[in-house]
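Computed over heavy atoms, backbone and side chain alike; hydrogens, waters and symmetry mates excluded. This structure is a prediction, so every number in the text was calculated from the model and none was measured. For ligands, and for the atoms within them, numbers begin at 1 and follow the listed sequence.
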Amino acid sequence: MREVDVIVVGAGAAGVAAARRLQRERFSVLLVEARNRVGGRAWTMRHDGLPLDLGCGWLHSADENEWATVAGELGLAIDPTPPPWSRRASQLNFSASDQSEFTAAWDRFDQRIAAAAKQKADRPARDCLEPGGRWNGLLDALSTYINGIELDGLSVHDFVRYRNTGVNWRVEQGYGTLIEACAAGLDVLRDCPATLIDHAGQRVRVDTPRGPIAARAAIVAVPTSIIGCEALRFAPALPDKVEAAAALPLGLADKVFLRVDRPDDLPVQTRLFGATDRTATGSYHLRPFGAPLIEGYFGGKLAHELEQSEGAFARFAIDQLAAHLGGDFRRRVTPIAASAWGRDPFARGSYSYARIGRSDARAVLAAPVDERLFFAGEACSLDSYSTAHGAYRTGVAAAEAALQAVAARA
Ligand SMILES: Cc1cc2nc3c(=O)[nH]c(=O)nc-3n(C[C@H](O)[C@H](O)[C@H](O)COP(=O)(O)OP(=O)(O)OC[C@H]3O[C@@H](n4cnc5c(N)ncnc54)[C@H](O)[C@@H]3O)c2cc1C
């Protein structure tokens, strides 16, 4: 049986960060990854030389985001252009005065959430909407992009814990490219979904299709969906972990990329909402990086529905966009890629949210077991959950805890 100091299960942002930290201390470390690529929910595809991030794209809280530092170390370029959501959106269907009204409605909503979160009992953020408010549909749509769920499922306790410095940058070559580049030089077993982690003995044993692997400690860095549905099991069983993972399900967000011929009439780096009066709408980033592209974003129930049929994201996006950009637009546009994170068996969703009253589950999930099993991944982060930098931090924290535990036993 192969033996290493530490085995890391899952080569996403958290697993890669953990393995890199362990390798720096000259520990033998093996990453076991279910897919044939590293990066997990960070995934850059290339189309005609254009990088398309189907998963994470923005270095959120970029001024304190470790991935931004790693990008610099690896010689990747950072684009600090402020994101479209921090600037005026297209006025084709959303006048400047309506945008100001909407921003004010968001600020009032945010204040009511902050006040509600001070109460002991958790509540869904929907309770903080103004009854009959004109912008409630669009506020709900934003929740589907930010959290992957509608406001009726969003915990105010969890939401206010999220830390956001308001600075957002992009990696020109793609966020997925960055995490993949960071994994160069790490020992990764690809196409190798772990099925069982046996932590009963002195050594942890991880069962995989390529046989068992033994280690002095294991770091579990798979999405909560995988632990919650027991695609990866533990022996002895860890019902607290399974329960915590189930309390932190993954919401859904998906992207579509469209290529546009003769794009010069489209404003660069600008957001256009498909509609401003409902939850079920796409949000479209026109010409990211100035490229001849439109990046569409969909969340929550709408994303679930569109995942059900092939090509549905592109059809929905083109219908919404043609209504504002004119009939000729249909002839100029070609769908080039779309994600379906909910149907992906190794993600089963996009990013974690806490069920109402269950924000505490993040700490339960992150807690080590017997100083042999450590947990990482975006859902383990108390204040940067749902992000790649939150995942990074939990990976490094798990690696440091494993280092200490192994050294103490040596
Ligand atoms: C559409 C979309 C947009 C996003 N936008 C942003 C953004 O702009 N900025 C941001 O910071 N974040 C964003 N995110 C979230 C970000 O991508 C994730 O939070 C982060 O990548 C999660 O990293 P992770 O390591 O926790 O999990 P993952 O990336 O999911 O890594 C877990 C790994 O475990 C593997 N695995 C699963 N099961 C097994 C098994 N049984 N055995 C072995 N391996 C297994 C998976 O294949 C995967 O590689 C976005 C996500 C999506 C889907």
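For the pair Asp254 (side chain) and Ala338 (backbone), a donor-acceptor distance under 3.5 Å is absent. Between the side chain of Arg87 and the backbone N or O of Pro82, at least one donor-acceptor pair lies under 3.5 Å.
At the shortest separation from atom 45 (C) of ligand 1 among protein heavy atoms lies Ala34 CB, 3.5 Å. Looking only at protein heavy atoms, the nearest one to atom 5 (N) of ligand 1 is Cys56 CA, 3.2 Å. Ranking the protein heavy atoms by distance from atom 26 (O) of ligand 1 puts Glu378 N, 2.9 Å first. The nearest protein atom to atom 34 (O) of ligand 1, hydrogens excluded, is given as Gly10 CA, 3.3 Å; this is a heavy-atom distance. Scanning the protein for heavy atoms near atom 20 (C) of ligand 1, the closest one is Ala388 CA, 4.0 Å. At the shortest separation from atom 37 (C) of ligand 1 among protein heavy atoms lies Phe346 O, 3.6 Å. Protein heavy atom closest to atom 8 (O) of ligand 1, with residue, atom name and distance, is Trp58 N, 2.8 Å. The protein heavy-atom contact nearest to atom 15 (C) of ligand 1 is Ser386 O, 3.2 Å.
Applying the 4.0 Å criterion to heavy atoms of Ala14 picks out, from ligand 1, the atoms 25 (O). Residue contact check: Arg35 has heavy atoms under 4.0 Å from atoms 46 (C), 47 (O), 48 (C), 49 (O) of ligand 1. Of all the atoms in ligand 1, the ones that sit under 4.0 Å from a non-hydrogen atom of Val9 are 42 (N), 43 (C). Proximity to Ala221 (heavy-atom distance under 4.0 Å) selects the following atoms of ligand 1: 32 (C), 33 (C), 34 (O). Interface atoms of ligand 1 facing Gly40, defined by a heavy-atom separation under 4.0 Å, are 29 (O), 48 (C), 49 (O). Counting atoms of ligand 1 from 1 in the listed order, those under 4.0 Å from a heavy atom of Ala253 are 1 (C). Here is the list of ligand 1 atoms found below 4.0 Å of a heavy atom in Val32: 43 (C), 44 (N). Residue-ligand proximity, Ala13 to ligand 1, at heavy-atom distances under 4.0 Å covers atoms 23 (O), 25 (O).
Remark: among candidates Ser384, Ser350, Ala194, the nearest residue to atom 53 (C) of ligand 1 is Ser350, based on non-hydrogen atoms. Atom 21 (O) of ligand 1 has its nearest heavy-atom neighbour, among Glu33, His60, Arg233, Arg41, in Arg41.
Arg41 and Ser350 make their closest contact through NH1-O, 2.9 Å (heavy atoms, listed as atom of the first residue, atom of the second, distance).
Contacts of Asp53 with ligand 1, taken as heavy-atom pairs under 4.0 Å, are absent altogether. Contact annotation: for Thr387 versus ligand 1, heavy atoms closer than 4.0 Å belong to both the backbone and the side chain. Residue contacts with ligand 1, taken as heavy atom pairs separated by less than 4.0 Å, involve Trp341 solely via side-chain atoms from C-beta onward.
By the 4.0 Å N-to-carboxylate-O rule, Glu66 lies too far from Arg21 to be salt-bridged with it. Using a 4.0 Å cut-off between a side-chain N of Lys or Arg and a carboxylate O of Asp or Glu, Arg259 and Asp261 do not qualify as a salt bridge. The pair Glu180-Arg37 does not meet the salt-bridge criterion, since no charged nitrogen lies less than 4.0 angstrom from a carboxylate oxygen. A salt bridge does not link Arg112 to Asp110: none of the charged side-chain nitrogens sits closer than 4.0 Å to a carboxylate oxygen. Salt-bridge check for Glu305 with Lys301: failed, with every basic side-chain N at 4.0 Å or more from each acidic carboxylate O.
Expressed to the nearest 0.5 Å, how far OG1 of Thr387 lies from CD of Glu378 amounts to 7.5 Å.
The closest approach between any non-hydrogen atom of Leu54 and ligand 1 is below 4.0 Å. Look at Ser352 and you'll find every heavy atom at least 4.0 Å from all atoms of ligand 1. Contact annotation: Gly57 has at least one heavy atom less than 4.0 Å from an atom of ligand 1. Under a 4.0 Å heavy-atom criterion, Tyr297 is in contact with ligand 1.
A cation-pi arrangement is not found for Lys241 relative to Phe234, the charged atom failing to lie both closer than 6.0 Å to the ring centre and inside a 45° cone about the ring normal.
Pairs engaging residues 137-148 under the side-chain hydrogen bond (donor to acceptor under 3.5 Å, both in side chains) rule: Asp140-Thr279, Ser143-Asn147 [sequence neighbours left out].
The N/O atoms of Gly15, backbone and side chain alike, include none that comes under 3.5 Å of an N/O atom in ligand 1.
Aromatic pair Tyr385/Tyr351: centroids not less than 6.0 angstrom apart. Here the two rings, on Phe313 and Trp341, have centers that are 6.0 Å apart or farther.
Residues Gln173 and Thr44 bring no donor and acceptor atom of their side chains to less than 3.5 Å of each other.
Environment of CD in Glu172: crowded, with over 12 heavy atoms of neighbouring residues, nucleotides or ligands closer than 6.0 Å.
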